[in-house]
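Take a look at the structure below.
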Amino acid sequence: MISGTAKMKFSQFVVWNLVTTTAFVLAVGPASYGAGKIVRGHHDPVSVAMLVFGLVVAAVLAWIAVRHRRRSKPVPAPTRS
């Protein structure tokens with residue numbers, strides 16, 4: 001609904017929807033799988049690697065989002081006193 005209200009083109013919506021869905025799956029899927037195995041007591045290297053991989057992907061995505069937000073904010077004009 002938000003993309004329709006913002007008058008986003010459908011082709012642009014599809015591309016960004018694919019990108020964000022892929023990022024979400026790569027971050028949440030492995031992290032939750034690894035965390036679930038570790039919580040149940042199965043401390044194998046694959047589970048730990050999956051947890052670490054998911055957390056690293058999430059951290060990189062958060063860093064990209066913060067960096068993009070900082071760069072896209074307008075710089076306030078200096079005020080005269």
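Just so you know, residue 1 is the first one in the sequence shown, and it goes up from there.
What you find for F13 and M8 is that their closest heavy atoms are CA-SD, 3.5 Å. Nearest heavy-atom pair across K37 and S47 is CB-OG, 3.2 Å.
The shortest side-chain heavy-atom distance between V14 and F10 falls under the 4.5 Å cut-off.
Applying the side chain to side chain contact (heavy atoms under 4.5 Å, CB included) rule to A27 yields the partners V57, A58, L61; only residues at least two apart in sequence or on another chain are considered. Legend: residues meeting side chain to side chain contact (heavy atoms under 4.5 Å, CB included) with S11, ordered by chain and number and at least two apart, are K9.
L55 and I38 fall within a single hydrophobic cluster, where Ile, Leu, Val, Met, Phe, Trp and Tyr side chains are chained together by heavy-atom contacts under 4.5 Å. Transitive grouping of hydrophobic side chains (ILVMFWY, heavy atoms separated by less than 4.5 Å) brings V48 and V56 into a common cluster. Under a hydrophobic clustering in which Ile, Leu, Val, Met, Phe, Trp and Tyr are joined whenever their side-chain heavy atoms come within less than 4.5 Å, directly or via other members, V52 and V60 fall into the same cluster.
The backbone N or O of L18 lies less than 3.5 Å from no partner atom in the side chain of T21, so there is not a single donor-acceptor pair. Under a 3.5 Å cut-off, the side chain of S32 and the backbone N or O of V28 do form a donor-acceptor pair.
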